[in-house]
K.L.:
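Quick one: structure below, then a few questions.
Quantities reported herein were computed from a predicted structural model and do not represent experimental measurements. When a ligand or atom number is given, it counts from 1 through the structure's own listing order.
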Amino acid sequence: MRGCTGTGKDEDRKDWMKPILVIGAKGMLGRDLLPLLQASFIGREVIGWDIEEIDIREEKSTRSKIETLNPETVINIAAYTDVDGCEKNRDAAFQVNAEGMKHIVLGAKGCGAKVVYLSTDYIFDGRKKEPYLETDLPNPLSVYGRTKLKGEEVLQKGIDDHLIIRTQWLYGRHGKNFVASVLRQAKEKRSLTVVDDQTGSPTYTVDLSRAITGLLEHNSRGIFHVANQGNCTWYTFSQAVLKFAQVEGVTLTPISTEALGRPAVRPSYSVLDTQKFERETGMRLRHWADALKDHLSTGSV
Ligand SMILES: NC(=O)c1ccc[n+]([C@@H]2O[C@H](COP(=O)([O-])OP(=O)(O)OC[C@H]3O[C@@H](n4cnc5c(N)ncnc54)[C@H](OP(=O)(O)O)[C@@H]3O)[C@@H](O)[C@H]2O)c1
């Protein structure tokens, strides 16, 4: 990964010369975000670190690595993202999602960096039944949601110059995700059961990366909800995946969340209202179905 070795401390560098650091750069979102930032912030070094370069669970090394690099902005997209795994491994999830954020905040404070944090719709309980605003009260139902909310709180308390981007239902060209899983299972089993009582907005990591870049270009601060337009259930999403990928002869059966019996409780409705982001940047992410068609036409799935 470009620039992973870091550079020597140079406190005299002007802000515009300082690098942008992405932590969690080898994950699903990171692998789309990094090249886009590099293409958008020409002349500025964009550095991607993942667990091999920085383990955010470790306070001392996280602080010193960030302070030594002396970035202008730290974008934290590293997380313990296995939502069901978090229920069994509470401490491990807390260490990464909450404590990890704290360690990054300490490092960023040490060098005056802005911090960007990717958060989730799972901080809401889903009872609202209409799109969630940035000002709506969080009430997470799962360990994952609680640890991510803690990460938000740590950042809000620690650094004034922060940006929290809440998003949802990510899929992309890299890593494990729902779209890849539907296509794999369709090939293996020809028969799938999919939950039909959770509603959200599937969001393409390529589009989200553009949105993050847009918010950075506007030097935005505070909380923003970002997702592709429209909404659906996982069942209707899986129907679209098979249709757009032109996979035939697969039986899809809708089931309830209760019948699926996953360990983590998810909100039944977690659509995010994205108007604040649209007003701020003048951008509007396309409808999820258009993004999905585009994704499936790239041949990278
Ligand atoms: N996926 C979604 O649907 C979704 C929805 C809403 C919000 N988000 C948020 O969006 C962000 C990106 O999600 P994603 O799906 O791209 O996640 P991801 O694919 O799981 O990537 C996260 C990356 O962080 C790394 N990491 C884990 N623990 C670390 C540690 N202690 N120190 C440093 N790096 C560590 C992971 O490495 P390993 O793979 O080796 O563990 C992985 O490369 C996360 O903050 C997530 O909470 C995701």
Side-chain angles (χ1 to χ4, degrees), residues 1 4 21-34 36 47-63 65-66 74-86 89 91-104 107 115-124 132 138 140 142-152 154-155 163-181 198 200-209 211-212 223-228 234 237 264 266-267 270-272 274 288 291:
M1 192 150 294
C4 277
L21 170 62
V22 179
I23 301 181
K26 286 186 186 156
M28 176 169 62
L29 174 61
R31 288 171 67 186
D32 282 327
L33 179 61
L34 207 74
L36 190 71
I47 292 172
W49 283 349
D50 207 278
I51 195 149
E52 293 85 7
E53 292 82 25
I54 187 168
D55 183 344
I56 61 171
R57 292 169 298 184
E58 293 169 8
E59 177 178 339
K60 211 169 150 211
S61 60
T62 298
R63 286 179 76 157
K65 282 179 185 181
I66 293 173
V74 182
I75 305 175
N76 178 23
I77 54 174
Y80 193 119
T81 51
D82 174 357
V83 175
D84 290 316
C86 286
N89 305 301
D91 289 350
F94 187 80
Q95 278 302 314
V96 181
N97 297 345
E99 288 292 292
M101 187 69 244
K102 189 167 101 189
H103 305 152
I104 290 172
V115 177
V116 181
Y117 178 57
L118 262 287
S119 189
T120 168
D121 56 329
Y122 285 3
I123 62 150
F124 293 118
Y132 277 96
S142 62
V143 172
Y144 173 71
R146 285 198 286 278
T147 56
K148 291 294 293 184
L149 179 61
K150 189 78 192 160
E152 285 191 14
V154 163
L155 176 55
L163 171 61
I164 293 169
I165 300 168
R166 296 186 186 136
T167 189
Q168 62 180 171
W169 292 31
L170 297 187
Y171 67 92
R173 298 176 292 189
H174 313 283
K176 281 190 207 160
N177 62 74
F178 182 80
V179 174
S181 156
Q198 289 171 30
S201 305
T203 299
Y204 189 26
T205 49
V206 171
D207 292 2
L208 175 60
S209 297
I212 295 170
I223 303 178
F224 290 88
H225 288 176
V226 177
N228 279 113
W234 291 111
F237 186 32
R266 276 113 169 134
S270 59
V271 177
L272 300 173
T274 58
W288 67 263

K.L.:
Who's the nearest protein heavy-atom neighbour of atom 17 (O) of ligand 1, and how far?
P.N.:
T81 CG2, 3.5 Å

K.L.:
Would you check if the side chain of Q168 reaches a backbone N or O of S270 as a donor-acceptor pair within less than 3.5 Å?
P.N.:
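Side chain of Q168 to backbone of S270: a pair is present.
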
K.L.:
Can you name the nearest heavy-atom pair linking V154 to A98, along with the distance?
P.N.:
CG2-O, 4.3 Å

K.L.:
Give the minimum heavy-atom separation between R63 and H103, together with the two atoms involved.
P.N.:
CG-O, 4.0 Å

K.L.:
Regarding atom 33 (C) of ligand 1: of the candidates D82, I54, T147, L170, which has the closest heavy atom?
P.N.:
I54

K.L.:
Just go through T205, V226, L118, L208 and tell me whose heavy atom is the nearest to atom 10 (O) of ligand 1.
P.N.:
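Of the listed residues, L118 has the closest heavy atom.
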
K.L.:
Is atom 38 (P) of ligand 1 less than 4.0 angstrom from at least one protein heavy atom?
P.N.:
no

K.L.:
Should R266 and D84 be marked as a salt bridge (charged side-chain N to carboxylate O under 4.0 Å, His left out) after you check the CA-CA gap, both sets of side-chain angles, and the distance that decides it?
P.N.:
CA-CA 10 Å; R266 276 113 169 134; D84 290 316; 2.8 Å; yes

K.L.:
Which of the atoms in ligand 1, numbered in the order shown and given with their element, are less than 4.0 Å from a heavy-atom of R57?
P.N.:
31 (N)

K.L.:
For ligand 1, which part of A25 has a heavy atom less than 4.0 Å away: the side chain, the backbone, both, or neither?
P.N.:
neither

K.L.:
Please check if a non-hydrogen protein atom sits closer than 4.0 Å to atom 47 (O) of ligand 1.
P.N.:
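Within 4.0 Å of atom 47 (O) of ligand 1, protein heavy atoms are found.
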
K.L.:
May I ask you to decide if the ring planes of F237 and Y171 are parallel, tilted or perpendicular, using 30° and 60° as cut-offs?
P.N.:
tilted

K.L.:
For atom 8 (N) of ligand 1, grab the closest protein heavy atom and report residue, atom and distance to one decimal in Å.
P.N.:
Y144 OH, 3.7 Å

K.L.:
Give the minimum heavy-atom separation between D55 and T62, together with the two atoms involved.
P.N.:
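Answer, listing the atom of D55 first, then T62: O-OG1, 3.1 Å.
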
K.L.:
Going by distance alone, is a donor N or O of one side chain under 3.5 Å from an acceptor N or O of the other, for D32 and S209?
P.N.:
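D32 vs S209: no donor-acceptor pair found between side chains.
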
K.L.:
Minimum heavy-atom separation for S119 and E152, please, with both atom names.
P.N.:
OG-OE2, 2.7 Å

K.L.:
Keeping the roles fixed (side chain from S201, backbone from V271), state whether a donor-acceptor pair exists under 3.5 Å.
P.N.:
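Judged by distance alone, no pair lies under 3.5 Å.
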
K.L.:
Considering the heavy atoms of K26, write down every atom of ligand 1 situated less than 4.0 Å from one of them.
P.N.:
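Close to K26: 43 (O).
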
K.L.:
What residue and atom, counting heavy atoms only, is the protein's closest point to atom 27 (C) of ligand 1, and at what distance?
P.N.:
A79 O, 3.5 Å

K.L.:
Check for a donor-acceptor pair, side chain of N177 on one end and backbone N or O of G175 on the other, with a separation under 3.5 Å.
P.N.:
yes

K.L.:
Just to be sure I'm reading this right: ignoring hydrogens, which of T62, I77, I23 gets closest to atom 12 (C) of ligand 1? Compare them by their nearest heavy atoms.
P.N.:
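Going through T62, I77, I23 one by one, I77 has the nearest heavy atom to atom 12 (C) of ligand 1.
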
K.L.:
Write out the residue and atom name of the closest protein heavy atom to atom 32 (N) of ligand 1, then the distance separating them to 0.1 Å.
P.N.:
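The protein heavy atom lying closest is I56 N, 3.2 Å.
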
K.L.:
Considering only protein heavy atoms, which is closest to atom 16 (O) of ligand 1, and at what distance to one decimal place?
P.N.:
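Here the closest protein heavy atom is L29 N, 2.8 Å.
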
K.L.:
To which protein heavy atom is atom 30 (C) of ligand 1 closest, and what is the distance rounded to 0.1 Å?
P.N.:
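Sorting protein heavy atoms by distance from atom 30 (C) of ligand 1 puts I51 CD1, 3.5 Å first.
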
K.L.:
For ligand 1, indicate whether the residue K148 contacts it via side chain, backbone, both or neither (heavy-atom separation under 4.0 Å).
P.N.:
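Side chain only; the backbone of K148 stays clear of ligand 1.
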
K.L.:
Which atoms of ligand 1 are found less than 4.0 Å from any heavy atom of S119?
P.N.:
6 (C), 7 (C)

K.L.:
Considering only protein heavy atoms, which is closest to atom 24 (O) of ligand 1, and at what distance to one decimal place?
P.N.:
A78 CA, 3.3 Å

K.L.:
If you scan the protein for heavy atoms around atom 21 (O) of ligand 1, do you find one that is closer than 4.0 Å?
P.N.:
yes

K.L.:
Counting only heavy atoms, tell me which of I104, V96, I75, D55 gets closest to atom 28 (N) of ligand 1.
P.N.:
V96

K.L.:
Is there at least one pair of N or O atoms, one from D121 and one from ligand 1, spaced under 3.5 Å apart?
P.N.:
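There is no such contact.
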
K.L.:
Heavy-atom contact check, 4.0 Å cutoff: does G172 meet ligand 1?
P.N.:
no

K.L.:
Would you call the rings of H225 and F124 parallel, tilted or perpendicular if under 30° counts as parallel and over 60° as perpendicular?
P.N.:
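Rings of H225 and F124: perpendicular, over 60°.
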
K.L.:
Report the part of N177 (side chain from C-beta onward, or backbone N, CA, C, O) that has a heavy atom under 4.0 Å from ligand 1; answer both or neither where that applies.
P.N.:
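Within the 4.0 Å criterion, N177 makes no contact with ligand 1.
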
K.L.:
May I ask you to identify the nearest protein heavy atom to atom 15 (O) of ligand 1, giving residue, atom name and distance to one decimal place in Å?
P.N.:
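In this structure, atom 15 (O) of ligand 1 has M28 CE, 3.4 Å as its nearest protein heavy atom.
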
K.L.:
For K150, is the NZ atom crowded, meaning more than 12 foreign heavy atoms sit under 6.0 Å from it?
P.N.:
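Open.
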
K.L.:
Just jot down the ligand 1 atoms closer than 4.0 angstrom to any heavy atom of T167, in number order.
P.N.:
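The list of qualifying atoms is 6 (C), 7 (C).
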
K.L.:
Give a yes or no on whether the backbone of K26 and the side-chain of D50 come within a donor-acceptor separation of less than 3.5 Å.
P.N.:
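Yes.
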
K.L.:
May I ask you to check if ligand 1 and T120 share an N or O to N or O distance below 3.5 Å?
P.N.:
no

K.L.:
Mind listing the closest non-hydrogen atom pair of Y144 and V83 along with its distance?
P.N.:
CD2-CG2, 3.8 Å

K.L.:
Shortest non-hydrogen contact from Y80 to C86?
P.N.:
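So the minimum-distance heavy-atom pair works out to CD2-SG, 3.5 Å.
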
